[in-house]
Amino acid sequence: MLGALALPVLSATTASAAPAAVSAAPASSCSSLPPLPYAVHAKAVTIRSKASSKSTALGVLYKSHKFTVSKKSGNWVYITDKNTGVKGWVSGTYVYRDVRMCLD
């Protein structure tokens, strides 16, 4: 036996009763945006004299420090720690750019 399903009757709403449209920002391709900055993705990493984990330690780059990257060699980046002025190599395992997801 088939039963009847009771559904509420929907009435048509007028345009004046519709919620106001949200104005969207002009669409732009995210590929035109500048790359994200480098960041330390660990509590701290060792700054080294060469791009090798066996080279001399020159200092420590903490997560809170500001720094710039001037060159790369394999999985290593040459940084300048803006807080201390120390320059040296840091493993790219712990220092890298986050990736921006473009959903165009």
Side-chain angles (χ1 to χ4, degrees):
M1 174 174 176
L2 295 174
L5 181 60
L7 295 174
V9 178
L10 299 175
S11 62
T13 57
T14 62
S16 63
V22 176
S23 61
S28 69
S29 172
C30 93
S31 61
S32 64
L33 296 173
L36 295 171
Y38 282 88
V40 177
H41 294 275
K43 287 184 180 180
V45 293
T46 304
I47 303 170
R48 302 208 171 261
S49 60
K50 296 180 184 175
S52 167
S53 60
K54 296 180 180 178
S55 66
T56 306
L58 301 175
V60 177
L61 180 64
Y62 292 97
K63 190 171 193 162
S64 62
H65 284 194
K66 302 293 182 198
F67 63 98
T68 57
V69 173
S70 56
K71 59 185 170 180
K72 294 173 81 176
S73 176
N75 191 35
W76 290 80
V77 291
Y78 189 81
I79 63 100
T80 301
D81 185 337
K82 298 276 188 164
N83 293 66
T84 62
V86 175
K87 296 180 181 187
W89 293 94
V90 176
S91 173
T93 302
Y94 307 107
V95 175
Y96 54 89
R97 284 185 168 142
D98 285 325
V99 177
R100 181 178 281 124
M101 303 267 311
C102 296
L103 302 174
D104 299 20

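Since this is a predicted model, take the numbers as computed values, not measurements.
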**OP:** Please name all residues satisfying ring pair (Phe, Tyr, Trp, His ring centres under 6.0 Å) with Y38, sequence neighbours left out, ordered by chain then number.
**Re:** none

When the side chains of residues 49-60 are checked against the rest of the protein, which donor-acceptor pairs come out under 3.5 Å, sequence neighbours left out?
{"unit_1": "S49", "atom_1": "OG", "unit_2": "T56", "atom_2": "N", "d": "3.4"}
{"unit_1": "S52", "atom_1": "OG", "unit_2": "K54", "atom_2": "N", "d": "3.1"}
{"unit_1": "S55", "atom_1": "OG", "unit_2": "K50", "atom_2": "N", "d": "3.3"}
{"unit_1": "S55", "atom_1": "OG", "unit_2": "K50", "atom_2": "O", "d": "3.1"}
{"unit_1": "S55", "atom_1": "OG", "unit_2": "S52", "atom_2": "O", "d": "2.8"}

Original post:
Under the 3.5 angstrom rule, does the side chain of R48 hit a backbone N or O of S91 as a donor-acceptor pair?
Top reply: no

Original post:
Can you tell me how far OH of Y62 sits from CD1 of I47, rounded to the nearest 0.5 angstrom?
Top reply: 9.5 Å

Subject >> Same apolar cluster (I L V M F W Y, side chains within < 4.5 Å links), V45/V77 >> reply: yes

**OP:** Treating Ile, Leu, Val, Met, Phe, Trp and Tyr as nodes and any side-chain heavy-atom pair under 4.5 angstrom as an edge, say whether Y96 and L61 lie in one connected cluster.
**Re:** no

Original post:
Has the side chain of R97 got a donor or acceptor atom that lies under 3.5 Å from a matching backbone atom of L36?
Top reply: yes

Subject >> Cluster link Y78 to V40, ILVMFWY, side chain under 4.5 Å >> reply: no

Expected list for residues 63-73: side-chain donor-acceptor pairs under 3.5 angstrom, two or more places apart:
{"unit_1": "H65", "atom_1": "ND1", "unit_2": "D81", "atom_2": "OD1", "d": "3.2"}
{"unit_1": "H65", "atom_1": "ND1", "unit_2": "D81", "atom_2": "OD2", "d": "2.8"}

